[in-house]
Amino acid sequence: MVQRQSTLFLPTLREDPADAEAVSHTLLLRGGFIRQVGAGLFTWLPAGWRVHQKVVQIIREEIDAIGGQEMLCPVLTPAELWERTGRIAIPEVFKLSDRSGRRFVLPLTHEETMTFHARELRSYKELPQLWYHFSIKERDEARPRGGLLRLREFIMKDSYSFDRDEAGLDVSFERHEGAYVRIFERCGVEAFLVEAESGTMGGKESRGFLAPTGSGENELMRCENGDYYADIEAARGVPRAPQFPSVMEAPEEVATPGVTTIEGLAELLGIDDAATSKAMPVVTGDRLVLALVRGDDRLSEEKLMTFFQAPFRPATEDEIRAAFGAGGGSLGPIGVAMEVIADEALREGQFVAGANRDGWHLRGVEAGRDYQPTFVDIRQAKEGDGCPVCAGRLTVQPAIEVGHIFKLGTFHSEALDATFLDEDGRERPIVMGSYGIGPARTIAAVVEQRHDETGIVWPRSIAPYDVHVLSLSGGSREVEAIATSVAEELSAAGYDVLLDDRDERPGEKFADADLLGCPLRVTVGKRSLDDGAVDVRRRGESEDTRVPRASVIDWTSED
RNA sequence: CGGGGUGUAGCUCAGCCUGGCUAGAGCGCCUGUUUUGGGGACAGGAGGCCGCCGGUUCGAAUCCGGCCACCCCGACCA
């Protein structure tokens, strides 16, 4: 069927909307693909929904190909399920009640519901299973942003694997990894598989797929030699070697009046800021712990949280006074009663540290000799770090997390009693994995990666239409007739065709065609008709090519 | 949740500081004429509770207070 543009709801915008910042947001709005309803809430208009559906179909084919069974769970979920896993405590969970006070949750993902169904799996003979659905997710986000980058409501493909043991889970996990690689490839997104932090709740191993873009929620760290990719939160960059001053037999106090910053300290003492250390007292549970990183590094909260397996907060000024007898800026690891977690970068060498006495620091502080820390990688990697694989330089760029895969283990199956009987008649919890892709974010990533000054450059696989036929009729019946016949011929040949039959001037049609970004464009007008031809061009090319009317199909099938 | 910003026509914005008479521009929209290969021209027209509520004032888009919405930065994001 040929879609006639004169009857299509495709409201394109000539100017950039005021409240769009990200390129993907701007172009999707201007091209008439999406419209905002509220913060983090969008409607997919007809053209946008076509793109969304194409992405969905690609995902469906690839998940089916690894044995996925598509189903559909409800969005309204009894709160009881969420109480049993404890996830009801997550701040982002939307909660509501019905008229008689029964409590419900709008899921952020469907582990609870899927595990609820997995209780019908009773025997090892029924495992493994792989279930998935496309459904709406709701998140009470503190700050939605960037158009489709962070939404409060969105469609997600989430799949869940149910295996009898860890080895089975490994297989399910690897199959998803492969399927995801193929999905992003088919959608025309460049996305890298990276290690990600698994965070505080459940989950042994987690990997993300990061698509590098002009703007995004995450930061992709990559080696200049292309052999290492990671989310910055989990990246293991190698910090540069500090320039140490001469070695000292024992720590020595040095007066540093009024100095409370690393920059000030390094300048006053005339040393490399990498030869200093920075102490951050934090409270986790009811423990006060001292986190210690190199002066030029930042503490990675994700890494520390993963180490604690619990959230933490910075200690208050009062707590610091009481425990150290000094204020922030003069704190150090020597002589303190609490546990000290030191970053790996502090393992070797002598550093300047706070003396726990206002206005004083210690030179020549050496881990192992002067204090006994637990060494953990808690520094946030940064641009310029060395690659952990090849020692090349690491660079950082914004990225969109388009997919995430988790090894959940038995966290949910134990909470919800999803067990099976093995060959020996023993009851065991099902071993689970969960795997998510957001089509909206995938689309945003495609637009971020594939656009020019005039609009989107869709890959054929997910373009709203394959061919955009422009009828520059200027009232000419003959041109209209030819344009229509070209469109119908292409449609009959299996292409998705949009025919611009509107009564608009040529300039407007060209501009809209660029915005919309279909891969192939056929222009029919009086000019070319005079030599029995039409003008064609691929999106991204700067000039038309004249081809005989009769060989349009030959041209389109070149791709 | 902390910080910053913005709400005036469908869209992009001016006017607000320093209150004043009928609230403006460009684009878009409707009618007509003309034009037709990269967002035409002319003529006529429609379209506004100036985010909402309250206050000050003879008089409020403009000043004051409260609220709401949206955007950006940060915090947060199993």
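Letters go in sequence order (proteins before strands), and every chain restarts at 1.
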Using a 4.0 Å heavy-atom cut-off, does A:S473 contact any base of the nucleic acid, only the sugar-phosphate backbone, or nothing at all?
nothing
Taking the same atom, C1', in B:C1 and in B:G59, what whole-Å distance lies between them?
42 Å
Is the distance between the ring centroids of A:F192 and A:F209 less than 6.0 Å?
no
Does the base of B:G37 carry an N or O that pairs as donor and acceptor with the side chain of A:R521 under 3.5 Å?
no
Using the P atom as the reference point in each nucleotide, state the distance between B:C70 and B:U62 in Å, no decimals.
23 Å
Just call it for A:G436: base, sugar-phosphate, or nothing, with non-hydrogen atoms closer than 4.0 Å on any strand.
nothing
What does A:P11 touch in the nucleic acid at a heavy-atom separation under 4.0 angstrom: a base, only the sugar-phosphate, or nothing?
nothing
What is the nucleic acid contact for A:D544, judged by heavy atoms within less than 4.0 Å: base, sugar-phosphate only, or nothing?
base
Pick base, sugar-phosphate or nothing for A:R30, based on heavy-atom distances below 4.0 Å to the nucleic acid.
base
With rounding to the closest Å, how many angstrom separate the P atoms on B:A23 and B:A69?
30 Å
Over all strands shown, is A:G474 touching base, sugar-phosphate only, or nothing at heavy-atom distances under 4.0 angstrom?
base
Given B:C29, B:A78, B:G39, the nucleotide with the shortest approach to the side chain of A:E111:
B:A78
Closest to the side chain of A:A142, out of B:G26, B:A75, B:G37, is B:A75
Among B:U12, B:G37, B:A78, which nucleotide has an atom closest to any side-chain atom of A:P17?
B:U12
Select base, sugar-phosphate, or nothing to describe what A:A18 touches, counting heavy atoms under 4.0 Å on all strands.
sugar-phosphate
Answer for the Watson-Crick or wobble partner of B:A9, both distances under 3.5 Å, is none
Report the relative orientation of the aromatic rings in A:F308 and A:F312; use parallel for angles under 30°, tilted for 30 to 60°, perpendicular for over 60°.
perpendicular
NZ/NE/NH1/NH2 to OD/OE distance under 4.0 Å, A:K382 and A:D297
yes
Closest to the side chain of A:I90, out of B:A78, B:G37, B:G39, is B:A78
Per atom distances to the A:R537 side chain, the nearest of B:G38, B:C73, B:A78 is B:G38
When all nucleic acid strands are considered with a 4.0 Å heavy-atom cut-off, which category describes A:L108: base, sugar-phosphate, or nothing?
base
So which nucleotide does B:U33 pair with, by the Watson-Crick or G-U wobble rule with both distances under 3.5 Å?
B:A41
Same-atom distance (C1') from B:G5 to B:C21, integer angstrom
33 Å
Looking only at atom P, what distance separates B:U8 and B:A14, rounded to whole Å?
11 Å
Among B:C71, B:G39, B:C72, which nucleotide sits nearest the side chain of A:L515?
B:G39
Can you label the angle between the A:W44 ring and the A:W49 ring as parallel, tilted or perpendicular, going by 30° and 60°?
tilted
Among the nucleotides B:G37, B:C70, B:G40, which one has an atom lying closest to any side-chain atom of A:E508?
B:G40
What is the nucleic acid contact for A:E141, judged by heavy atoms within less than 4.0 Å: base, sugar-phosphate only, or nothing?
nothing
Could you tell me whether the side chain of A:R150 has a donor or acceptor atom within less than 3.5 Å of a complementary atom in the base of B:C77?
yes
Provide the distance between the two C1' atoms, one in B:G15 and one in B:G48, to the nearest whole Å.
15 Å
Are any side-chain N or O atoms of A:R35 and backbone N or O atoms of A:P11, one a donor and one an acceptor, separated by less than 3.5 Å?
yes
So, is A:R143 near the phosphate of B:C73, with a side-chain N or O under 4.0 Å from OP1 or OP2?
yes
Does the B:A78 base have a donor-acceptor partner in the side chain of A:T85 within less than 3.5 Å?
no
Determine whether a donor-acceptor pair (one donor, one acceptor, N or O, separation below 3.5 Å) exists between the side chain of A:R14 and the base of B:U12.
no
Taking atom P in both B:A46 and B:G24, what distance in whole Å separates the two?
13 Å
Between A:E138 and A:K95, is there a salt bridge with N-O shorter than 4.0 Å?
no
Ring centroid separation A:H176 to A:Y132 under 6.0 Å
no
Under a 3.5 Å cut-off for both distances, is B:A60 Watson-Crick or wobble paired, and to whom?
none
Pick the C1' atom in B:G65 and in B:C73, then give their distance to the nearest Å.
28 Å
Which part of the nucleic acid, if any, lies within contact of A:E301, taking any heavy atom under 4.0 Å across all strands shown: a base, the sugar-phosphate backbone alone, or nothing?
sugar-phosphate
Measuring from the side chain of A:D514 (C-beta onward, heavy atoms only), which nucleotide among B:C72, B:A78, B:G38 has the closest atom?
B:G38
Give a yes/no on whether any side-chain N or O of A:R505 is located under 4.0 angstrom from OP1 or OP2 of B:G40.
yes
